[in-house]
Protein chains: 2
Amino acid sequence: MSPSDVEATPARAPSKAPTRKGENTRNQILETALRLFRERGYDGTTMRAVAEEAGVSLGSAYYYFRSKEHLIQAYYQRSHDEHLQDCSGRLGSERDLEARLLLVLRSKIDTSAPYHRFAGQLFRTASDPDSPLSPFSEESLPVRRQATELLQRVVEGSDAKVTPTLAQELPGLLWLYLMGIILFWVHDRSTECVRTYRLIDRTTELVVRVIGLASMPLLRPLVKSAVVLTTELRRLATPDHLGEALGEEAP
Amino acid sequence: MSPSDVEATPARAPSKAPTRKGENTRNQILETALRLFRERGYDGTTMRAVAEEAGVSLGSAYYYFRSKEHLIQAYYQRSHDEHLQDCSGRLGSERDLEARLLLVLRSKIDTSAPYHRFAGQLFRTASDPDSPLSPFSEESLPVRRQATELLQRVVEGSDAKVTPTLAQELPGLLWLYLMGIILFWVHDRSTECVRTYRLIDRTTELVVRVIGLASMPLLRPLVKSAVVLTTELRRLATPDHLGEALGEEAP
DNA sequence: TCCTTGTTTTGAACGCGTTCAATATTGGGA
DNA sequence: TCCCAATATTGAACGCGTTCAAAACAAGGA
């Protein structure tokens with residue numbers, strides 16, 4: 001994965017190697033923006049404020065980030081990196097699927113906590129299908145793939161027996177499940193987001209139980225239908241001309 | 001339900017009965033807005049254009065609609081009314097649950113077709129939890145309740161046997177299911193939205209099968225857990241101080 | 001040294017959603 | 001009839017995201 005894959009995408013990509021000068025300015029703007037997002041939320045953060053606090057002009061901010069929304073793409077990557085770092089180590093010592101899943105989900109909420117308000121306003125623009133920020137969009141694919149890979153590790157590193165039919169689609173399904181949890185979380189107004197954590201506890205148990213039941217002969221056709229369905233869902237994410245799959249190679 | 005419940009909510013509510021004059025202007029603005037939404041999409045429709053084409057000043061538009069987003073609330077109501085009218089009649093002659101569900105879902109997509117592009121951009125602002133336009137928000141409650149009532153009719157008018165535990169929560173769950181379908185639909189770029197219709201066909205079959213299976217003794221605890229979960233979900237929709245339930249009285 | 005080519009930076013300007021103080025228009029009571 | 005409070009209507013102004021032509025700067029080649 002090239003370093004400039006997601007982090008460094010200047011509005012007008014410099015023809016070859018990015019200069020040292022521009023790199024610094026870019027980082028300056030990005031760090032300032034993420035800080036202001038945390039402090040003031042998305043709407044509360046104006047591009048003018050970002051530029052000013054970063055010590056550059058308004059135009060410069062737009063030179064490095066095509067739009068305010070493109071700053072969010074950088075947030076996705078940052079958020080995932082922190083998530084990965086937070087749970088990656090602890091994942092090694094645990095074999096139980098439910099425990100592994102719990103660990104990863106809780107970690108996501110933990111690490112995202114400072115951005116709670118921000119993430120709420122985020123989901124607005126993010127769920128516009130035309131927006132490059134939709135978690136389903138092509139532009140979000142790199143981060144989405146990374147996240148799916150993490151969930152694949154969760155399953156494969158566990159001692160759970162998973163029906164082959166299901167195993168193939170499970171990481172993608174779990175990613176959808178994670179999206180659902182996040183959707184709940186951004187709406188969650190309870191103190192310390194206790195409801196979200198409660199939801200995670202309950203649904204994880206449920207999910208693991210369902211995965212177990214999936215091997216019952218009686219339920220086989222139902223599982224089959226459900227799996228076929230995900231194909232349809234995935235085709236939605238990628239426009240007709242792309243044959244991309246969701247997270248196929250392991251690290 | 002008072003006539004001015006949702007349709008007529010002037011920014012500064014007139015103390016008593018709304019005057020005839022204002023009523024006309026309001027309708028003029030609303031009709032113009034909905035037309036422009038259809039023709040140009042949400043972003044393509046400026047408040048200035050709405051005002052101009054409606055033959056009033058910009059300020060007047062804001063006198064009747066607190067914000068551009070509040071025009072959407074009116075769209076929700078309109079959309080539901082059209083949906084209801086479209087499927088209400090045909091619903092009487094059918095007893096099979098799957099057929100009834102299919103009918104209602106397809107009808108929703110059919111009647112929403114002219115607003116496809118608009119609805120896409122809509123979901124952006126709609127999924128901001130702080131926005132009064134969130135389908136989960138307090139302000140959307142009247143329409144949400146009406147929609148849930150329709151789904152209740154779908155179930156109760158059918159000859160399907162539903163576990164009592166489930167029966168209570170089913171309309172709310174089906175509403176969530178409908179939201180999911182709509183979410184798919186707004187992302188659907190296929191011609192004539194054939195994918196959405198295919199999705200409806202497949203998922204409806206699945207949903208009905210699951211409802212049937214729910215009575216299996218083996219699955220009882222799982223169903224119980226799932227139903228308990230919905231309580232948590234609903235509590236999310238309504239902030240702490242409200243004890244509101246979702247669709248309790250039949251028409 | 002100066003010119004050249006490409007990168008970086010700037011600030012003014014545009015169109016938008018929104019607010020608001022001021023004005024015009026009602027309609028009912030004296 | 002005239003007056004007055006409630007209702008309707010107006011347009012200028014604000015702050016925002018975004019665009020863009022122009023200027024400043026960097027680095028090599030002559």
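Since the model is a prediction, treat every value here as computed from it, not as a measurement. Each chain gets a letter, A, B and so on, in the order the sequences are listed, and its residues count up from 1.
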### Task
Whole angstrom is fine here: how far is it from CZ in B/Phe65 over to P in C/dT19?
15 Å

### Task
Select base, sugar-phosphate, or nothing to describe what B/Ser60 touches, counting heavy atoms under 4.0 Å on all strands.
base

### Task
Would you state whether a donor and an acceptor, one from the side chain of A/Arg48 and one from the base of D/dG17, lie under 3.5 Å apart?
yes

## Note on the structure
A/Asn24 CG to C/dT9 C1', in whole Å, measures 15 Å

### Message
Could you tell me if A/Thr196 and A/Asp188 have a donor-acceptor pair between their side chains, going purely by distance under 3.5 Å?
### Response
yes

### Message
Quick check for you: among C/dT9, D/dT9, D/dT18, whose closest atom lies nearest to any side-chain atom of A/Ser57?
### Response
C/dT9

### Message
Exactly one of B/Phe37, B/Trp185, B/Tyr42 should register a ring pair (Phe, Tyr, Trp, His ring centres under 6.0 Å) with B/His116. Which one does?
### Response
B/Trp185

### Query
Taking OH from B/Tyr63 and P from D/dG11, how many angstroms apart are they, rounded to a whole number?
17 Å

### Message
Below 30° counts as parallel, above 60° as perpendicular, anything between as tilted: where do the rings of A/Phe118 and A/Tyr75 land?
### Response
perpendicular

### Task
For the residue pair A/Ser79 and A/Lys108, confirm or rule out a side-chain donor-acceptor distance under 3.5 Å.
yes

### Task
Please check the phosphate of D/dA8 (OP1 and OP2 only) for any side-chain N or O of B/Thr25 closer than 4.0 Å.
no

### Query
Can you tell me if the side-chain N/O atoms of A/Tyr64 get under 4.0 Å from OP1 or OP2 in C/dT9?
yes

### Query
A/Glu23 has an atom CD; how far is it from atom P of D/dA26, in whole Å?
18 Å

### Message
Measure OH/B/Tyr62 against C1'/D/dA12 and give the value in whole Å, please.
### Response
15 Å

### Message
I need the CG-P distance between A/Asn27 and C/dT8, as an integer number of Å.
### Response
13 Å

### Task
Quickly work out the B/Met47 CE to C/dG17 C1' distance and round it to whole Å.
8 Å

### Summary
When rounded to whole Å, the CG to C1' distance for the pair B/Leu58 and D/dA8 reads 15 Å

